[in-house]
Amino acid sequence: MDKFRITGGRSLKGSVSISGAKNSALPCMAAALLTPETVTLHNIPYVRDIITQRRLLEDLGATVLTPELRTHKINARNIELFEAPYELVKTMRASVLALGPLLARFGKAKVSLPGGCAIGTRPIDLHLAAFEKLGAEVRLEAGNVVARSPASGRLVGAEIHFDKVTVTGTENLMMAAALARGRTILHGAACEPEITDLAELLNKMGARISGAGTATIEIEGVEALGGGEHTIIPDRIETGTFMAAAAITRGELEIMDCQPKHLTCVIEQLSDVGVEIDEINSSKLHVRATKSLTAKDVTTEPYPRFPTDMQAQYMALMTQARGRSIIVETIFENRFMHGSELQRMGARIQIDGHKAILEGPTPLTGAPLLASDLRASASLVLAGLVAEGETVVDRVYHIDRGYEKIEAKLRAVGADIERIRESVTAPLSRTSVKDVAEVV
Ligand code: EPZ
């Protein structure tokens, strides 16, 4: 497996361009299953999860053309298969986003039940209960979710109350309800910018969705949807990661092609810690950290509060801040795996259930590290940038899932980081040849 070798101690300087949002591109690609006409998506990030989603769509029978690197033209006219197999779902939970569109358009879908993952059990019970509210028959069979729409053929609009905020649950139900008979109201919906972006695409395809971005979304079902063309929003988590990279290295970065308005809470938190952040315009940030950082507590919550996907990066930053900080993770039950790796570098961190208590600043020493999930690996890379000596982060396939060419982007602003490829003698699978060539 590829690794990153990082030699710490350099301040980052320069400008970096942000890619499209993985967590918007994935549902927007799934939305193409709702129509026989072509959906064209621009600003698609070149990351591993997008390759997996593309493979899922092609396995179902869709065609995916890429006239340009970051443009996908998806056509789902000839869907022959209604199943997202275990092999794919186990590599990417977001494959469950095929469930809503397949059920709504074809009246049937079979999706492998995603098991737990490194950060938590992550059930999809709220998705399934909501599909049942729309009249679907849902059963579990040999590790698969098998869903069928009512005998009348179409799903039927209903009022749905989510007991917990779920991002992909909201997206799945928004897509399903777009083709249901009658009106659906989603209460307790997730408000993430990725939800608003998906609703924008669906409305371009002829859906009638209002209230996306708020906790109450109304969907007036239509008979059929057409094609559409849409540009994916910038990745706010990649933006936040580079803001933390500038801060932890006491550097200065111009972050371009981002959307500061999606990061209000992160900008506030980092400013309170002592990072100087200027919003140059609606797509550019200037981030600088010249003075020492002050520790500050944080609690992760659904948007617009502090995102759980920035928690690991923030923890790395807090190892370098003066004083004690308490990080409370409320979204996932097991999202502190990076903590024990940071401790191996010398960080003073106590983990107590959903809480992590840090003392800083602590000099970090380079070490061999193991990435456990996407955001944890970003946190280890940040720590490697400030550590004394050399850090080797193993299993960077995690980071390739959601960051486009992160080592090249970091190197371009002065980081001493390189990718150590999987040795040429290792057995090569079909996917790794194609993907690595494509991703990097
Ligand atoms: C999305 O995951 C993101 N993934 C995650 O980003 C992100 O961490 C998460 O939202 C929270 O912001 C994508 O958009 C592809 P949830 P999702 O359903 O939708 C519980 C990254 O790093 N829950 O909002 O799977 C669940 O266990 C990834 O890019 C149920 O109990 O998350 C969790 O505790 C990681 N039953 C909480 O709700 C359900 O049916 C929030 O999960 C659904 C969720």
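In this chain, residues are counted from 1 in sequence order. Order of listing sets the numbers, starting from 1, for every ligand and every atom in it. Quick note: numbers below take in every heavy atom, side chains included, and nothing from hydrogens, waters or symmetry partners.
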Region of [X] engaging ligand 1 - heavy atom pairs below 4.0 Å:
{"X": "D125", "result": "both"}
{"X": "I331", "result": "both"}
{"X": "D309", "result": "side chain"}
{"X": "H127", "result": "both"}

Look at [atom] and say which protein heavy atom is nearest, naming residue and atom and giving the distance to 0.1 Å.
{"atom": "atom 3 (C) of ligand 1", "value": "N23 ND2, 3.7 Å"}
{"atom": "atom 2 (O) of ligand 1", "value": "R122 NH2, 3.3 Å"}
{"atom": "atom 18 (O) of ligand 1", "value": "T166 OG1, 2.6 Å"}
{"atom": "atom 40 (O) of ligand 1", "value": "L126 N, 2.7 Å"}
{"atom": "atom 19 (O) of ligand 1", "value": "T168 OG1, 2.6 Å"}
{"atom": "atom 11 (C) of ligand 1", "value": "T308 CG2, 3.9 Å"}
{"atom": "atom 38 (O) of ligand 1", "value": "K164 CD, 3.6 Å"}

Can you tell whether the side chains of [X] and [Y] come within less than 4.0 Å, N to carboxylate O?
{"X": "R335", "Y": "D309", "answer": "yes"}
{"X": "R236", "Y": "E194", "answer": "yes"}
{"X": "E229", "Y": "K204", "answer": "no"}
{"X": "R419", "Y": "D400", "answer": "yes"}
{"X": "R148", "Y": "E137", "answer": "no"}
{"X": "K22", "Y": "E404", "answer": "no"}
{"X": "R55", "Y": "E58", "answer": "no"}

Could you name the option among [options] that has the heavy atom nearest to [atom]?
{"atom": "atom 43 (C) of ligand 1", "options": "S95, P123, G169, P27", "value": "P123"}
{"atom": "atom 35 (C) of ligand 1", "options": "E329, R375, R335", "value": "R335"}
{"atom": "atom 32 (O) of ligand 1", "options": "Y403, F162, Y303, F332", "value": "F332"}

I'd like to know whether ligand 1 has T121 as a neighbour, heavy-atom separation below 4.0 Å.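 Outside the 4.0 Å threshold, so no.
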Does the side chain of Y403 come under 3.5 Å of the side chain of T241 through a donor N or O and an acceptor N or O?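 Y403 vs T241: donor-acceptor pair found between side chains.
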Quick check on side chain to side chain contact (heavy atoms under 4.5 Å, CB included): which of I327, I351, L317 does L358 satisfy it with?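 Passing option: I327.
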Using a cut-off of 6.0 Å, state whether more than 12 heavy atoms not belonging to Q350 lie near its atom CD.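 Incorrect, the count does not exceed 12.
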